[in-house]
Every structure is written in structure tokens, then in C-alpha cells.
Asks: 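Take this structure first; my questions come after.
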Amino acid sequence: MSIKTIFNALRAAGMTEAGALGTMGNMGGESAMRANNAQDSYGLDDDAYTMQTDNGINNFTGDRIGYGLCQWTSPDRKAKLLAFAKSQGVSIADEAMQVQFCIREMWDDFPNVWTVVTTSDDVYRCTDVVCRSYEFPAKNNVGERFQFAMRYKDQLSGGEPPQVSTGGTTPAPVAAHKSDLAVKFLQTLMQNDGYWDGSIDGLKTDSFRKALVVYAKDVASC
């Protein structure tokens, strides 16, 4: 995949331009955009580590070695990444798979981050929230990640509008979540207008449903 293809996939999933660039800036800061990157500080051979993982002969989920575009490290997140790769029938180093996993992981497990990258037009803000609340680096180097984001923006300038990628092993970009994205947009509008407090589990609560009824009535009366 190229920088443009990754950008297109993130945009197709619902991220703003700033959200996509901020996410990519973090990928650049984490792995230099190398999907097979095993944490450099361990001095590992990336290809060998990947082969061992694909063949189930290492402790991928428990070794706490950062891996991939986002340098997934914790056992639970690496286990989910490995399971997703297997469900797609691809190598753990498959770049398209990792991009889709990043999208789905943000949606499922980091909804506050997802809200920012799908609504904000501020590249620095998106870069910062992905760094602090999704990547959790030992050293907060958001400035470096922002530089990556702006470098990618320069590389993409003048190109064609984002298109949905349909080739290779790329899963359909969050196809199962299209209706959920509409709900997320509605939640953002409600939060901005003061009808909802923006709590993570709001969709599941009676208070959110009651707020939705009030909001719908007020909109209908406009």
C-alpha cells in the first residue's frame, strides 16, 4: 500500500482529512510506516519475527514486543490483531489488514479517539489525541508525529480525491459499521447542542434514549 492508499482507507472509514493525517503521523512515528516492524529496541529481524508469528512458533501475544504500523504491544491488543489477521487469512504483516484493524479498534475500544478523528479538522489535535489516547508512547513525542503528518499531507497535495480501495486483501472498510457511523454523527450533533454529555456508553443508557427523544422533537419543531 502507498501513503495515498492508507489515507484513502482511513477517509473511506469516516475519518476527516485531519483525522487520517493525524493517525498516519502516529504510524510514521511508531514504525516509519513499516507493517512488519518488530520493535527496534529489541534488535530483532523483522522478517524472521513475522514468519515465526505466522507459523505460531513465538509468543506474539505475550512478549510485549511492539509490532506493526501502530506498534501494538499489550497482550490483549496483540491477541486481537492476531485474531483479526487469521480471520482475514493474511499474514500478521499485511498492511491493509493492519489499517482496517486500526480503524475497527479505534471504533470499538477507543470511542473518544474515534470521535475526534472523525469530526476534527485540526491536524495537530488529531495527532495529539491519537498519540496520547491510542498509542500511549513511553515518550510523548507528538511534535515529531505531527511533522510526519504534515510530511504526508505535502506528499498527498494535488492528488485525486480519496477513493475506496477494492484490491488485494483489504477488508471492506468498516462495512458493518455504516449505520453505527450515522449514529456516531448524531451523537456528536447532540453533544454539540447540549442534549447529551458524550459519555462512552451513552448509546446503551436510558438517559441517552430519553435525550434522543427530546432532541428529535426539538428538531421536528424547527
Side-chain angles (χ1 to χ4, degrees), residues 1-37 66-72 77 81 84-85 88 90-135 137 141-178 180-182 184-185 188:
M1 292 176 74
S2 65
I3 296 300
K4 183 178 180 180
T5 307
I6 294 176
F7 177 78
N8 288 344
L10 297 176
R11 292 283 279 133
M15 291 190 188
T16 62
E17 177 179 325
L21 290 171
T23 300
M24 291 167 63
N26 275 275
M27 290 176 177
E30 288 286 337
S31 64
M33 282 287 195
R34 301 193 335 262
N36 74 335
N37 179 238
Y67 186 79
L69 292 173
C70 297
Q71 291 291 280
W72 288 279
R77 295 177 73 178
L81 174 64
F84 188 70
Q88 300 299 314
V90 297
S91 168
I92 194 68
D94 187 271
E95 189 174 81
M97 176 277 296
Q98 289 188 18
V99 171
Q100 291 303 316
F101 178 76
C102 171
I103 292 167
R104 297 175 192 221
E105 185 185 43
M106 278 191 186
W107 170 267
D108 290 333
D109 300 329
F110 300 90
N112 288 344
V113 175
W114 182 254
T115 296
V116 173
V117 298
T118 55
T119 59
S120 176
D121 293 321
D122 186 326
V123 178
Y124 187 88
R125 183 190 179 202
C126 291
T127 305
D128 185 57
V129 76
V130 173
C131 177
R132 293 174 182 271
S133 301
Y134 178 76
E135 293 289 1
N141 59 343
V142 64
E144 176 185 328
R145 293 160 191 252
F146 178 65
Q147 290 178 5
F148 273 110
M150 299 311 290
R151 187 183 308 165
Y152 298 144
K153 182 178 182 180
D154 288 342
Q155 293 176 13
L156 290 163
S157 63
E160 298 177 358
Q163 301 292 322
V164 178
S165 174
T166 57
T169 58
T170 308
V174 205
H177 292 325
K178 287 189 180 296
D180 292 334
L181 289 175
K184 182 67 70 174
F185 179 71
T188 301

Asks: Is it the case that the side chain of Thr16 and the backbone of Ser120 share a donor-acceptor pair, with hydrogens and angles ignored and the cut-off at 3.5 Å?
Replies: yes

Asks: Do Gln155 and Lys4 touch side chain to side chain, with heavy atoms closer than 4.5 Å?
Replies: no

Asks: Does Asn37 offer a backbone N or O that forms a donor-acceptor pair with the side chain of Gln71 under 3.5 Å?
Replies: yes

Asks: Measuring from Leu21:CG to Arg11:CZ, what's the distance to the nearest 0.5 Å?
Replies: 9.0 Å

Asks: Would you say Asp94's side chain and Met97's backbone share a donor-acceptor pair under 3.5 angstrom?
Replies: yes

Asks: Taking all heavy atoms of Ala35 and all of Leu69, pick out the closest pair and write down the distance.
Replies: N-CD2, 3.9 Å

Asks: Within the 4.5 Å heavy-atom criterion, are Trp114 and Asp108 side-chain neighbours or not?
Replies: no

Asks: From the options Glu105, Gln98, Glu135, select the one residue that forms a side chain to side chain donor-acceptor pair (under 3.5 Å) with Trp72.
Replies: Glu105

Asks: Taking the side chain as every heavy atom from C-beta outward, state whether Phe148 and Asn26 have any pair of such atoms under 4.5 Å apart.
Replies: no

Asks: So, taking the atom named CH2 in Trp107 and the one named OG1 in Thr115, what distance separates them when rounded to the nearest 0.5 Å?
Replies: 8.0 Å

Asks: Do Met33 and Met24 come within less than 4.5 Å of each other through their side chains, counting heavy atoms only?
Replies: yes

Asks: If the condition is salt bridge (charged side-chain N to carboxylate O under 4.0 Å, His left out), which residues does Arg125 pass it with, not counting sequence neighbours?
Replies: none

Asks: Is any side-chain heavy atom of Thr23 closer than 4.5 Å to a side-chain heavy atom of Met106?
Replies: yes

Asks: Any idea how Phe101 and Phe84 line up, ring-wise: parallel (<30°), tilted (30 to 60°), or perpendicular (>60°)?
Replies: tilted

Asks: At their closest point, which heavy atom of Cys102 faces which heavy atom of Cys70, and how far apart are they?
Replies: SG-SG, 4.1 Å

Asks: NZ of Lys153 to CZ of Phe146: how many Å apart, nearest 0.5 Å?
Replies: 8.0 Å

Asks: Restricting to non-hydrogen atoms, name the atom on Ala149 and the atom on Thr127 that form the minimum distance, rounded to 0.1 Å.
Replies: CB-OG1, 4.0 Å

Asks: Enter the distance from Phe7:CZ to Ser2:OG here, rounded to the nearest 0.5 Å.
Replies: 11.5 Å

Asks: Mind checking salt bridge (charged side-chain N to carboxylate O under 4.0 Å, His left out) for Arg132 and listing every partner two or more places apart, or none if nothing turns up?
Replies: Asp128

Asks: I need the Glu17 CD to Leu156 CG distance, nearest 0.5 Å.
Replies: 8.0 Å

Asks: Specify the closest pair of heavy atoms between Tyr152 and Gly28, including all atoms of both residues, with the distance to one decimal.
Replies: OH-CA, 3.4 Å

Asks: What's the spacing between Met27 CE and Glu30 CD if we round to 0.5 Å?
Replies: 10.0 Å

Asks: Give a yes or no on whether the backbone of Ala85 and the side-chain of Gln88 come within a donor-acceptor separation of less than 3.5 Å.
Replies: no

